[in-house]
Amino acid sequence: MKRNPLIEQRIEKVKELKDAGVNPYPYKFFKQYDIKYLLDNFEQFNETTQISTAGRIMFMRLMGKATFMHIADASAKMQIYCRVNELGKEIFEQIKKLDIGDIIGVTGVLFKTHSNEKTILVNKFELLSKSIRPLPEKFHGLKDTETRYRQRYVDLIMNDKVKELFYNRSKIIETIRKFLNSKNFLEVETPMMQTIPGGAAARPFITHHNTLDMDLYLRIAPELYLKRLLVGGFEKVYEINRNFRNEGISTKHNPEFTMLELYSAYDDYFDMMNICEQIFHEATKVVNNSDDVIYQGNNISLKPPFGRQTYFGALDKALNTDTRKLSETELKECCKKNHIELSANMSRIEMINELFEKLVEPTLIQPTFIYDYPIELSPLTKAHRSDNRLVERFELYVAATELANAYSELNDPLEQYNRFLEQQKIKEQTKTDEIFDKIDFDFLRALEYGMPPAGGLGIGIDRLVMLLTGAESIREVILFPQLRYEEFDDF
RNA sequence: GGACCGCUAGCUCAAUGGUAGAGCAACGGACUCUUAAUCCGUAGGUUGAAGGUUCAAGUCCUUCGCGGUUCACCA
């Protein structure tokens with residue numbers, strides 16, 4: 001138990017308050033107005049109208065018999081003015097004992113200072129919560145990334161831009177919901193804990209249910225459950241929720257991340273392109289009030305229609321050849337030329353994909369749908385209607401990052417079974433975890449009842465928020481990003 | 001997991017291998033229109049941790065911890 005002396009001082013103050021019969025943590029305060037409302041509607045109040053509001057003290061400028069403070073609430077911050085004339089000596093002394101960080105309620109009238117700043121002249125105040133831990137410095141704020149992520153609450157107190165970002169995140173998701181609801185999509189919730197983690201290829205987190213005595217997996221995707229709902233007769237469904245992938249952490253990856261997945265019966269992947277474009281466009285209009293967004297120095301236009309290139313069209317252009325006609329040796333040479341490390345028994349398709357990631361992805365700055373993927377990469381996608389080496393799939397790239405993924409969904413149960421078996425074979429060869437080998441037979445059974453033709457679309461919400469808010473790291477758009485366990489030795 | 005960078009007072013930052021400092025915050029005092037208020041004074045440190053080299057280590061070396069960037073992984 002070694003406490004910071006600054007905290008010890010404040011704990012002393014709390015004791016003094018309690019001894020004087022003041023509850024430093026009272027139950028209720030009638031907060032009549034948000035601060036932003038007072039600022040925006042300043043003119044409607046005259047200098048005798050009593051108003052009340054509440055907030056956290058962020059600045060204090062104490063003088064002998066008068067004090068200016070800034071208090072901040074969720075909406076804005078505002079100056080308050082306390083004067084011994086209005087409050088009397090005793091109350092004014094109490095005001096002087098307040099600390100930066102304390103949450104107070106104030107009652108008073110509005111006026112403008114000589115420098116024209118909208119201010120509350122306080123005639124009554126109440127301590128609503130005593131802060132015993134000092135806030136960061138008022139001018140430079142909190143900069144340390146580790147503290148910002150670990151103690152997001154302090155980050156939010158100190159950095160208005162962070163608060164604004166999370167308001168925008170909420171607005172983006174709200175916009176998506178409104179848009180989809182207006183198109184008759186039904187929002188649903190499907191299991192986070194699954195017995196067979198499917199719908200993507202990623203290592204899952206494992207947990208255990210005691211009563212059932214069985215292992216469960218946190219979902220890596222909701223896909224297979226949402227498709228079951230198409231079988232059940234819902235024609236347009238979506239889910240915005242967390243996926244969990246037990247993979248590396250980076251500026252673009254958090255172990256739990258938010259995904260929008262939607263499915264629309266009787267549509268194909270081209271329809272998904274349209275919906276995808278509209279969602280991106282609506283969201284950027286709401287957040288940035290514009291069709292454009294500046295991301296990492298690039299001016300990016302999110303006005304539909306987005307660019308469209310086929311997977312091999314883009315790759316052939318980059319390589320200046322017909323990639324599919326290259327022999328295995330030629331492919332290997334091509335990889336070497338482009339500084340791609342070749343691991344032992346790398347398949348053709350793996351080399352092709354490496355080339356794509358290395359040569360094409362970094363060039364995709366403006367929104368671009370890359371479509372018609374090689375069939376080997378997509379076990380849940382319908383084969384291309386006119387080329388059986390391809391599937392009807394697209395990924396949306398913006399700023400060299402994958403932001404969305406969509407298919408004409410495979411609904412042929414026999415074909416789906418074969419594709420699962422193919423995947424199983426590949427997994428066996430590459431010797432990844434055995435859990436991937438499990439085939440979801442209930443999903444196949446559902447398909448056997450008949451799933452309507454459908455388009456499906458997934459959008460990485462965190463990455464969309466990054467794009468629209470200019471965030472360089474996914475941790476900036478997740479309130480509490482995953483960090484290592486922190487040891488406490490000062491409590 | 002690899003490479004590189006960082007970790008100094010509550011916060012933001014200084015300190016050629018040679019006595020650990022400043023601003024803000026805190027504490028005491030002055031001040032009834034301040035705006036990062038001002039003025040006078042006081043206190044505050046196991047320099048992320050543990051070893052090592054050295055007459056001498058915040059600084060150099062090793063290991064470890066935490067964070068960041070990047071690569072790998074993530075079809």
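In what follows, chains carry the letters A, B, and so on, assigned in the order in which the sequence lines appear, proteins first and then strands, with residues in each chain numbered from 1. Predicted, not measured: the structure shown is a model, and the values here were computed from it.
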Counting heavy atoms from C-beta on, name the nucleotide in B/rC27, B/rU32, B/rU70 closest to the side chain of A/Thr251.
B/rU70
Paired nucleotide for B/rG21 [Watson-Crick or G-U wobble; both distances under 3.5 Å]:
B/rC13
Indicate, with a heavy-atom threshold strictly under 4.0 Å, whether A/Lys252 touches base, sugar-phosphate, or nothing.
nothing
Look at the side-chain N and O atoms of A/Arg484 and state whether any lies under 4.0 Å from the OP1 or OP2 oxygen of B/rC66.
yes
So, does A/Lys89 get its side chain near the phosphate of B/rU32, meaning an N or O under 4.0 Å from OP1 or OP2?
no
Using both distances under 3.5 Å as the test, list the Watson-Crick or G-U wobble partner of B/rA72, or none.
none
Here the distance between atom P of B/rU32 and atom CG of A/Leu121, to the nearest Å, is 16 Å
Partner of B/rG6 by Watson-Crick or G-U wobble geometry, both contacts under 3.5 Å, or none?
B/rC66
NA contact type, A/Ser250, heavy-atom cut-off 4.0 Å: base, sugar-phosphate, or nothing?
nothing
Is the shortest side-chain N to carboxylate O distance from A/Glu12 to A/Lys15 below 4.0 Å?
yes
Taking the same atom, P, in B/rC5 and in B/rC60, what whole-Å distance lies between them?
11 Å
Which comes earlier along RNA chain B counting from the 5' end, the contact point of A/Lys13 or that of A/Ser378, where each point is its nearest nucleotide?
A/Lys13
To the nearest Å, how far apart are A/Arg150 CZ and B/rC11 C1'?
18 Å
Are A/Arg385 and A/Glu392 close enough for a salt bridge, meaning some N to O gap below 4.0 Å?
yes
Sort out the partner of B/rA37 for me: Watson-Crick or G-U wobble, both distances under 3.5 Å, none otherwise.
none
How many whole angstroms separate atom CD of A/Glu476 from atom C1' of B/rG67?
13 Å
When the P atoms of B/rU35 and B/rA49 are considered, how many whole Å apart are they?
40 Å
Just the rounded figure in Å: distance from C1' of B/rC74 to CG of A/Asn243.
13 Å
Whom does B/rC31 pair with, Watson-Crick or G-U wobble, provided both distances fall under 3.5 Å?
none
A/Asn85 atom CG is separated from B/rC33 atom P, nearest whole Å, by 10 Å
From B/rC27, B/rG67, B/rC33, nucleotide with atom closest to A/Tyr81 side chain:
B/rC33
Under 4.0 Å, counting only non-hydrogen atoms across every strand here, what does A/Asp144 touch: a base, just sugar-phosphate, or nothing?
sugar-phosphate
Here the distance between atom P of B/rC31 and atom CZ of A/Arg83, to the nearest Å, is 16 Å
NZ (A/Lys118) with more than 12 external heavy atoms under 6.0 Å:
yes
Provide the Watson-Crick or G-U wobble partner of B/rG58, both distances under 3.5 Å; none if there is no partner.
none
Distances under 3.5 Å between protein N/O atoms and the N/O atoms of nucleotides 34-41 of chain B, please, pair by pair.
{"residue": "B/rU34", "atom": "O2'", "partner": "A/Arg61", "partner atom": "NE", "Å": "3.2"}
{"residue": "B/rU34", "atom": "O2", "partner": "A/Arg61", "partner atom": "NE", "Å": "2.8"}
{"residue": "B/rU34", "atom": "O2", "partner": "A/Arg61", "partner atom": "NH2", "Å": "3.1"}
{"residue": "B/rU34", "atom": "O2", "partner": "A/Gln79", "partner atom": "OE1", "Å": "3.2"}
{"residue": "B/rU34", "atom": "N3", "partner": "A/Gln79", "partner atom": "OE1", "Å": "2.8"}
{"residue": "B/rU34", "atom": "N3", "partner": "A/Gln79", "partner atom": "NE2", "Å": "3.0"}
{"residue": "B/rU34", "atom": "O4", "partner": "A/Gln79", "partner atom": "NE2", "Å": "2.8"}
{"residue": "B/rU34", "atom": "O4", "partner": "A/Thr113", "partner atom": "OG1", "Å": "3.0"}
{"residue": "B/rU35", "atom": "O2", "partner": "A/Glu117", "partner atom": "OE1", "Å": "2.9"}
{"residue": "B/rU35", "atom": "N3", "partner": "A/Glu117", "partner atom": "OE1", "Å": "2.7"}
{"residue": "B/rU35", "atom": "O4", "partner": "A/Thr113", "partner atom": "OG1", "Å": "3.4"}
{"residue": "B/rU35", "atom": "O4", "partner": "A/Ser115", "partner atom": "OG", "Å": "2.0"}
{"residue": "B/rA36", "atom": "O3'", "partner": "A/Lys138", "partner atom": "NZ", "Å": "3.3"}
{"residue": "B/rA37", "atom": "OP1", "partner": "A/Lys138", "partner atom": "NZ", "Å": "2.1"}
{"residue": "B/rA37", "atom": "OP2", "partner": "A/Arg61", "partner atom": "NH1", "Å": "2.6"}
{"residue": "B/rA37", "atom": "N6", "partner": "A/Leu62", "partner atom": "O", "Å": "3.2"}

Inter-nucleotide C1' distance (B/rC27, B/rU62), Å rounded:
43 Å
Rounded to whole Å, please give me the gap between CG in A/Asn4 and C1' in B/rG44.
9 Å
Roughly, in whole Å, what's the span from CD in A/Glu354 to C1' in B/rC71?
13 Å
Remember a base hit wins even if backbone is also touched, and classify A/Phe257 as base, sugar-phosphate or nothing at under 4.0 Å, heavy atoms.
nothing
Would you check if the side chain of A/Glu354 reaches a backbone N or O of A/Ile349 as a donor-acceptor pair within less than 3.5 Å?
no
Counting Watson-Crick and G-U wobble pairs only, both distances under 3.5 Å, name the nucleotide matched with B/rU42, or none.
B/rA26
Take atom C1' in B/rG52 and the same atom in B/rA57, then report the distance between them in whole Å.
11 Å
Mind checking the P distance from B/rG58 to B/rG18? Whole angstroms is fine.
10 Å
Taking the C1' atom of each, how far is B/rA9 from B/rA15, in whole Å?
15 Å
salt_bridge(A/Glu256, A/Arg245) N-O dist < 4.0 Å
no
For the C1' atoms, the ones on B/rU32 and on B/rU38, what distance do you get once it is rounded to whole angstrom?
15 Å
Should we say atom CG of A/Asp322 is surrounded by more than 12 heavy atoms from elsewhere, each under 6.0 Å from it?
yes
Once you round to the nearest 0.5 Å, how far does OH of A/Tyr371 lie from CZ of A/Arg393?
15.5 Å
Interatomic distance at C1', B/rG67 relative to B/rA56, whole Å
32 Å
Which is more 5' along RNA chain B, the nucleotide nearest A/Leu483 or the one nearest A/Pro379? Just name the residue.
A/Leu483
Check whether more than 12 heavy atoms from other residues, nucleotides or ligands sit under 6.0 Å from atom NZ of A/Lys163, and answer yes or no.
yes
Can A/Asp99 and A/Lys13 be counted as an ion pair, charged N to O under 4.0 angstrom?
yes
NA contact type, A/Arg475, heavy-atom cut-off 4.0 Å: base, sugar-phosphate, or nothing?
sugar-phosphate
Taking atom CZ of A/Phe92 and atom NZ of A/Lys65, what is their separation to the nearest 0.5 Å?
9.5 Å
